[in-house]
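All of these numbers come straight from a predicted model, not from anything done at the bench. Just so you know, these numbers use all the heavy atoms, side chains as well, and skip hydrogens, waters and symmetry mates. Note that ligands are numbered from 1 as they come in the structure, with each ligand's atoms numbered from 1 the same way.
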Amino acid sequence: MSSETPSINYVSLSKAMSKALRHRPERIGITLAPDGSVELSVLLAALNQRGGWPRTLTEADIMEVVEHGSKQRFAVEDGRIRARYGHSISLDEAYVPDAPPAVLYHGTSQRFLDSIMSEGLLPMGRQIVHLSTDVETAWAVGRRHGGKTVILTVDAERAAKEGVTFYRGNESTWLADCVPVTYLSVTE
Ligand code: HQG
C-alpha cells in the first residue's frame with residue numbers, strides 16, 4: 001500500500017500560471033494589477049478552485065515553478081506574482097524601460113522573414129516583441145515555430161539611441177515595442 005503524496009506536474013502548472021498571468025486571468029476569476037501582478041495567495045486559491053490537480057496545490061508548488069522552471073517566466077515580490085514577459089493582454093505598467101545590451105537576437109521561422117524584413121519586428125499576438133541575449137536562446141525560441149529557423153541580429157545600441165524603447169524580461173530575454181527594419185540583419 002502506498003502512502004505517497006501524488007506529485008504535481010510542474011509543466012502543467014507552469015502552463016496554467018502562464019495562461020492566468022499572461023493571457024486569460026478572467027478564466028480563473030482573477031484580476032491583474034496594472035503591472036500584471038496578483039497576490040500569490042489569490043492565484044493559488046484560484047488555481048485550486050479551477051481544480052484538475054492530483055492534490056491541493058500549495059504555495060511551495062508555485063514557488064517551485066517560479067524558482068526552478070525551465071525559464072524565469074515569473075517574478076515574485078512582496079507576496080505578489082507576475083509574468084515577466086509573454087503577455088497577450090494589455091497592461092499599463094507591465095514592463096519597465098531599461099538600457100539594452102549593444103546587440104540582441106531574434107529567432108524565428110524563415111516563413112516570416114519576408115514580412116519581418118518589410119514591416120520590422122511586430123508584437124503580433126502579444127503586447128511586445130521578444131528578443132534574446134544570445135544566439136542559442138534565439139535558436140530555441142525560433143525553433144518553436146517550425147520550418148527553417150533563422151536568426152536576426154538587432155542593433156539594439158543604435159535602436160535605443162534613436163528612440164526604440166527596450167525592457168528587460170529575464171536573464172536571456174529582452175523586450176521592445178517594435179523593431180524597425182533598419183536595425184535588423186539576417187545572421188548567416
Ligand atoms: C513573428 C516563448 C510576420 C516573430 C519564447 C515570431 C519567447 C512576424 C512570431 C516568447 C513579424 C510571434 C515569445 C512580422 C514578428 N511579420 N511575423 N512583421 N514580426 N513576427 O510566440 O518571439 O516559453 O508571439 O518572429 O521562448 O517567438 O512562452 O513570439 O516568430 O521568449 O515562456 O511572429 O515566448 O517563451 O511569435 O516568443 P511569438 P516569440 P515561453
Counting from 1, what ligand 1 atoms have a heavy atom of Gly120 closer than 4.0 Å?
-> 14 (C), 18 (N), 19 (N)

Heavy atom of the protein closest to atom 26 (O) of ligand 1 (residue, atom name, distance) = Lys71 NZ, 2.6 Å

For atom 24 (O) of ligand 1, what's the nearest protein heavy atom and its distance?
-> Arg126 NE, 2.7 Å

Please could you name the atoms of ligand 1 that Glu119 approaches to less than 4.0 Å, counting only its heavy atoms?
-> 14 (C), 16 (N), 18 (N)

Using distance alone, with no hydrogens and no angle criterion, decide if Thr153 and Thr187 have a side-chain donor and acceptor under 3.5 Å apart.
-> yes

Going only through I, L, V, M, F, W and Y residues with side-chain contacts under 4.5 Å, is there a path from Tyr167 to Tyr105?
-> no

Option among Leu40, Ile8, Leu57, Val76 that satisfies the side chain to side chain contact (heavy atoms under 4.5 Å, CB included) test with Ile62 = Leu40

Would you check if there is a donor-acceptor pair between the side chains of Thr58 and Arg55 at a distance under 3.5 Å?
-> no

Atom 7 (C) of ligand 1: closest protein heavy atom, distance to 0.1 Å, is Val141 CG1, 3.9 Å

Are a donor atom and an acceptor atom from the side chains of Asp35 and Tyr95 found within less than 3.5 Å of each other?
-> no

Any idea which protein heavy atom is nearest atom 31 (O) of ligand 1, and the distance to it?
-> Tyr85 CE1, 3.7 Å

OG on Ser88 to CZ on Arg126, rounded to 0.5 Å = 8.0 Å

Can Ser37 and Arg80 be counted as having a side-chain donor-acceptor contact under 3.5 angstrom?
-> yes

Ligand-side contact atoms (ligand 1) for residue partner Thr108, heavy atom cut-off under 4.0 Å | 4 (C), 6 (C), 25 (O), 30 (O)

Nearest heavy atom to atom 5 (C) of ligand 1: which of Arg144, Gln72, His130 does it belong to?
-> Arg144

Nearest 0.5 Å please: distance from the CG atom of Asp98 over to the CZ atom of Arg168.
-> 5.0 Å

Hey, is Lys15 touching ligand 1 through its side chain, its backbone, both or neither, going by heavy atoms under 4.0 Å?
-> neither

Nearest to atom 28 (O) of ligand 1, what protein heavy atom do you find, and at what distance?
-> Arg22 NH1, 2.8 Å

Sub-4.5 Å side-chain heavy-atom contact between Leu131 and Phe166 | yes

With heavy atoms of Arg73 as the reference, note each atom of ligand 1 found under 4.0 Å away.
-> 23 (O), 32 (O), 40 (P)

Of all protein heavy atoms, the one nearest atom 4 (C) of ligand 1 is His106 NE2, 3.4 Å

Enumerated ligand 1 atoms positioned under 4.0 Å from heavy atoms of Leu122 | 15 (C), 18 (N), 19 (N)

Under 4.0 Å from a heavy atom of Leu121: give me the atoms of ligand 1 that qualify, with their elements.
-> 15 (C), 19 (N)

Taking atom 6 (C) of ligand 1 as the reference point, the nearest protein heavy atom with its distance = His145 NE2, 3.7 Å

Same hydrophobic cluster for Val129 and Leu175, using side-chain heavy-atom links shorter than 4.5 Å among ILVMFWY?
-> no

Arg158 and Thr182: side-chain donor and acceptor closer than 3.5 Å?
-> yes

Given Ser115, Ser14, Gly69, which one has a non-hydrogen atom that is nearest to atom 3 (C) of ligand 1?
-> Ser115

Output, in order, the C-alpha distance, side-chain angles, deciding distance and verdict of side chain to side chain contact (heavy atoms under 4.5 Å, CB included) for Leu32 and Ile89.
-> CA-CA 10 Å; Leu32 306 183; Ile89 49 170; 3.6 Å; yes

State whether the shortest distance between N or O atoms of Ser109 and N or O atoms of ligand 1 falls below 3.5 angstrom.
-> no

Quick one: look up the protein heavy atom nearest atom 8 (C) of ligand 1 and list residue, atom name and how far away it is.
-> Ile116 CG1, 3.6 Å

Look only at interatomic distance and state if Met124 has a nitrogen or oxygen under 3.5 Å from any nitrogen or oxygen of ligand 1.
-> no

